[in-house]
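Okay, structure first, notes after.
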Amino acid sequence: MMAVNSGLKVMSVYRPLVCLFRHGTAARAWRTLTTWSPVGAAFNARVHRRLDIFHQNVGLFGVPELSCVEGFEVVQDRALQETQQLVEEACRCPPGVQTVEIFDKLSDSLCRVADMADFIKVAHPDPSYREAAERTCINIGTMVERLNTNVDLCKSLKDLLDNEEIFSKLDPETRRVAELFLFDFEISGIHLDKKKRKEAVNLNVKLLDLSNQFLMSCHMPNRIEKRALPEHIHQHFTKDGNYIQIGGLNADAPDDLVREVAYKVFLYPNENVMHILEELLSCRDKLARLVGYESYAHRALKGTMAKSPEAVMSFLQQITDKLSDRTEKDFEMMREMKTKLNPRNPELMPWDHPYFSGVIRAERFNIEPSLYSPYFSLGACMEGLNGLFTQLYGVSLLAEQPSVGEVWSEDVRKLAVVHETEGLLGYIYCDFFYRPDKPHQDCHFTIRGGRQLEDGQYQLPIVVLMLNLPHPTRSAPTLLSPGMMENLFHEMGHAMHSMLGRTRYQHVTGTRCVTDFAEVPSILMEYFATDYRVISQFARHYQTGQPLPQSMVARLCESKKVCGAADTQLQVFYAIMDQVYHGKPQNRSTTDIMIDMQKKYYGLPYVTNTAWQLRFSHLVGYGAKYYSYLMSRAVASMVWKQCFYKDPLNRETGERYRREMLAHGGGKEPMLMVEGMLQKRPSIEDFVNALVSDLDPDFETFIMDSEG
């Protein structure tokens with residue numbers, strides 16, 4: 001029935017965040033040397049919120065009940081009561097558009113609670129809030145499983161789809177949403193007999209538990225006795241009594257031994273986690289076969305751009321074939337660099353790839369993040385985004401002062417997204433600064449989806465963007481490395497997908513679309529983030545106001561192509577391993593499969609007694625869909641080159657992009673959206689060529705450097 005995530009009025013009064021700098025010398029220096037717009041100033045100033053005892057606590061995201069932790073139970077119980085009423089209404093309703101509207105209202109009622117709780121359980125600094133949110137997620141999830149196997153509820157929807165006369169008269173979006181709801185029923189086994197339906201429910205419950213267990217284990221550190229490691233490398237890791245804790249790959253460490261130790265210890269196999277993963281894959285396969293699919297991959301890929309596992313494997317194999325020579329040249333470059341820096345140990349190993357590709361980039365193009373970050377203050381980058389959205393879509397980002405109790409941390413900023421004629425489009429909460437309790441990955445969360453309301457107004461979407469940026473200091477605002485700046489643009493691409501969509505139904509709002517299309521708007525933003533015509537509008541030194549030189553931007557763009565074939569092939573290896581894991585069951589361990597795929601599709605040797613797959617957290621959220629990053633990048637590349645490259649700030653092109661791709665969310669078949677934008681239906685070969693051509697060098701850069 002549903003999957004829990006995973007008419008406008010112009011506001012008459014906005015409360016822009018007035019940024020009053022402290023009277024310190026550094027603060028005055030920023031102000032005199034650089035003039036910031038309101039949104040730039042809002043993000044370049046420290047937040048100093050005073051204790052407000054005169055205003056009532058409005059609750060998280062303006063939900064009054066969430067002014068205290070007990071409120072979770074209140075909003076949860078209200079949603080569950082509303083659900084019961086809507087189920088009864090749906091079962092009584094004659095077939096028609098009202099059927100789909102009731103189903104969407106039902107989905108919205110549960111998602112508004114579940115999505116918010118899903119965010120709070122990982123982001124709120126107060127453990128009591130996290131625990132209450134976790135309980136809410138479990139209770140709502142239980143209700144969703146019950147609904148997905150409710151035969152009477154499914155029948156009310158099936159009666160509509162089976163009535164050709166009525167169904168054919170519905171608009172395309174309504175028909176698609178009805179089909180998506182039915183698909184949710186079918187993959188839960190609604191068509192099975194009572195015994196098998198119960199088995200499907202039990203498998204779903206077990207999968208939820210296994211997924212949580214595997215996710216938690218992916219980030220747990222491994223321990224090794226201190227005496228097992230040379231003393232001079234202890235300082236690179238966390239000490240725990242007589243043990244050393246290793247919680248990552250230390251991929252950027254210049255010392256070869258540090259990288260090697262981190263790789264071997266962090267990836268050392270854990271038998272319990274191995275069992276969890278193999279049980280997870282087995283349960284997925286059983287469930288897929290139970291509900292009528294050849295494999296879990298066939299089930300997961302239904303409705304996607306790729307359509308089938310066979311098409312995905314063809315896509316990945318073609319990339320491998322096209323890049324084989326370039327990939328080998330990249331590895332040879334890395335070997336030469338390692339030999340140059342460490343002649344006694346020249347063999348290239350998996351722990352060397354990220355480090356030496358970075359060293360080569362830095363040496364060849366002089367790409368030192370500290371040279372760029374003074375030009376990328378957070379305020380400047382936000383100004384850049386604001387200017388880009390204004391020129392492309394007629395949209396402005398306005399900083400607002402959150403009300404008492406509305407946000408979970410005092411450094412969270414709130415943005416109102418406003419269109420020049422349509423008015424307020426929605427809200428973006430920006431949780432940008434590092435906190436020890438935050439998830440370490442940059443990500444976005446949909447808190448509330450947009451949908452058409454019965455009174456003619458539109459339910460405004462609410463999203464959260466979460467980054468891990470450094471805090472401002474007394475002498476400087478938050479300064480971003482080029483990678484951080486691109487991540488900011490990427491995540492804002494997701495946010496604008498939600499803001500600019502105007503779907504009738506929340507079930508398909510914004511990023512609620514198929515996985516291999518969902519990353520297109522965010523990856524497309526990365527192309528804007530590396531185009532000088534865009535960067536030149538905002539990148540200026542926070543102290544002097546000087547613009548970032550064009551030659552530095554050109555070098556930055558070209559540096560990404562260095563070892564790009566090897567980097568892409570690594571992603572191909574991950575994607576193929578994901579497909580094989582979710583294909584037909586094989587009578588061998590996940591480690592044996594990984595060793596085989598690594599030999600065929602990567603090129604660097606397997607390291608004995610390591611199990612990289614046990615750290616591959618994407619197997620949970622992107623099971624059988626990890627290829628989506630590559631396919632989305634291919635589509636974004638084609639849209640950029642064909643539509644935006646000539647003039648990245650063209651309003652007409654921006655409006656067409658919104659109309660053809662962003663506006664529909666998941667309410668339109670993804671390939672139709674791509675076809676509408678490109679004016680042709682791309683083939684797998686077109687996707688492959690787009691990815692490969694992105695790695696071709698731009699000889700103008702070398703000319704520019706030689707002239708400089």
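Here, residue 1 is the first one in the sequence, and each next residue gets the next number. Here the structure is a predicted model, which means the values were calculated and not measured.
Less than 6.0 angstrom separates the ring centroid of Phe644 from the ring centroid of Phe528. Between Tyr429 and Phe61, the gap from one ring centroid to the other is short of 6.0 Å.
For the pair Arg658 (side chain) and Tyr393 (backbone), a donor-acceptor distance under 3.5 Å is absent. Side chain of Ser109 to main chain of Lys105: no donor-acceptor pair is present (N/O by atom type, distance under 3.5 Å, no hydrogens or angles). Looking at Arg451, its side chain never comes within 3.5 Å of a backbone N or O of Thr509 through a donor-acceptor pair. In this structure, Ser498 contributes its side chain and Gly510 its backbone to no donor-acceptor pair below 3.5 Å. In this structure, the side chain of Glu669 does not engage the main chain of Met673 through any donor-acceptor pair within 3.5 Å. Checked by atom type and distance alone, the side chain of Asn44 never pairs as donor or acceptor with a backbone atom of Pro477 at under 3.5 Å. Looking only at distances, a side-chain donor or acceptor of Asp104 sits under 3.5 Å from a matching main-chain atom of His507.
The shortest side-chain heavy-atom distance between Leu385 and Phe538 does not fall under the 4.5 Å cut-off. Two residues are said to be in side-chain contact when any heavy atoms from C-beta on lie closer than 4.5 Å; Val75 and Met116 fail this criterion. The closest side-chain heavy-atom distance from Thr478 to Phe432 is not below 4.5 Å. Using a 4.5 Å cut-off on side-chain heavy atoms (C-beta onward), Arg504 and Val177 make no contact. When side chains are defined from C-beta on, Val417 does not count as touching Phe389, because their heavy atoms never get closer than 4.5 Å. The side-chain heavy atoms of Pro461 and Arg502, taken from C-beta on, include a pair separated by under 4.5 Å. In this structure the side chain of Met496 reaches within 4.5 angstrom of the side chain of Val395, judged on heavy atoms. The shortest distance between side-chain heavy atoms of Val674 and Met661 falls below 4.5 Å.
Ring geometry for Phe181 against Phe103 counts as tilted: the plane angle lies between 30° and 60°, on a 0 to 90° scale. Using the six-membered ring where Trp is involved, His497 and Phe517 have ring planes that are perpendicular, over 60° apart on the 30 and 60° scheme. Using cut-offs of 30° and 60° for the angle between ring planes, the Phe433 and His471 rings count as parallel. A parallel orientation is assigned to the rings of Tyr622 and Tyr629, their planes being inclined by less than 30° (bins at 30° and 60°).
Of all heavy-atom pairs spanning Ala495 and Leu465, the tightest one is CB-CD2, 3.9 Å. Nearest heavy-atom pair, Val463 versus Thr446, reported as atom, atom and distance to 0.1 Å: CG1-CA, 4.3 Å.
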Query - Thr304/Thr515 under side chain to side chain contact (heavy atoms under 4.5 Å, CB included): CA gap, chis, key distance, verdict - result: CA-CA 7 Å; Thr304 61; Thr515 311; 5.9 Å; no
Requested in this report: For Glu519 and His490, run side-chain hydrogen bond (donor to acceptor under 3.5 Å, both in side chains): C-alpha distance rounded to whole Å, both residues' side-chain angles, the deciding distance at 0.1 Å, then the answer.
Outcome: CA-CA 9 Å; Glu519 291 294 326; His490 177 102; 3.2 Å; yes
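Atom CD1 of Ile138 sits about 11.5 Å away from atom CD1 of Ile140, to the nearest 0.5 Å. Of the inter-residue distances, the one linking Asp126 atom CG with Glu131 atom CD reads 8.5 Å to the nearest 0.5 angstrom. We find the CD1-SG distance between Ile535 and Cys557 to be 6.0 Å, quoted to the nearest 0.5 Å. The line from CE of Met305 to OG of Ser628 is 7.5 Å long, rounded to the nearest 0.5 Å. Summarising the geometry, atom CD belonging to Glu406 is positioned 9.0 Å from atom CG belonging to Leu60; distances are rounded to the nearest 0.5 Å. Distance check, rounded to the nearest 0.5 Å: SG of Cys443 to NE2 of His494 gives 9.5 Å.
For Glu73, the CD atom counts as loosely surrounded, since its 6.0 Å shell holds 12 or fewer non-hydrogen atoms of other residues, nucleotides or ligands. In the displayed structure, Asp252 atom CG is contacted under 6.0 Å by at most 12 heavy atoms of other residues, nucleotides or ligands.
In the model, Trp408 has a side-chain atom that pairs as donor or acceptor with a side-chain atom of Asp431 under 3.5 Å. Asp209 and Gln213 are linked by a side-chain donor-acceptor pair at a separation below 3.5 angstrom, with hydrogens and angles left out of the test. With hydrogens and angles left out, the side-chain atoms of His419 and Thr421 include a donor and acceptor closer than 3.5 Å. Side-chain contact check for Gln506 and Arg512: at least one donor-acceptor pair (N or O, by modelled atom type) lies under 3.5 Å.
Screening Asn487, Leu467, Leu488 against Leu480 for a side-chain contact (heavy atoms from CB on, under 4.5 Å) leaves a single residue, Leu488.
We find that Arg112 and Glu82 are not joined by a salt bridge, their nearest charged nitrogen and carboxylate oxygen being 4.0 Å or further apart. Using a 4.0 Å cut-off between charged nitrogen and carboxylate oxygen, Arg633 and Glu526 count as a salt-bridge pair.
Geometrically, Arg413 engages Phe43 in a cation-pi contact, judged by NZ or CZ lying under 6.0 Å from the ring centre and within 45° of the ring axis.
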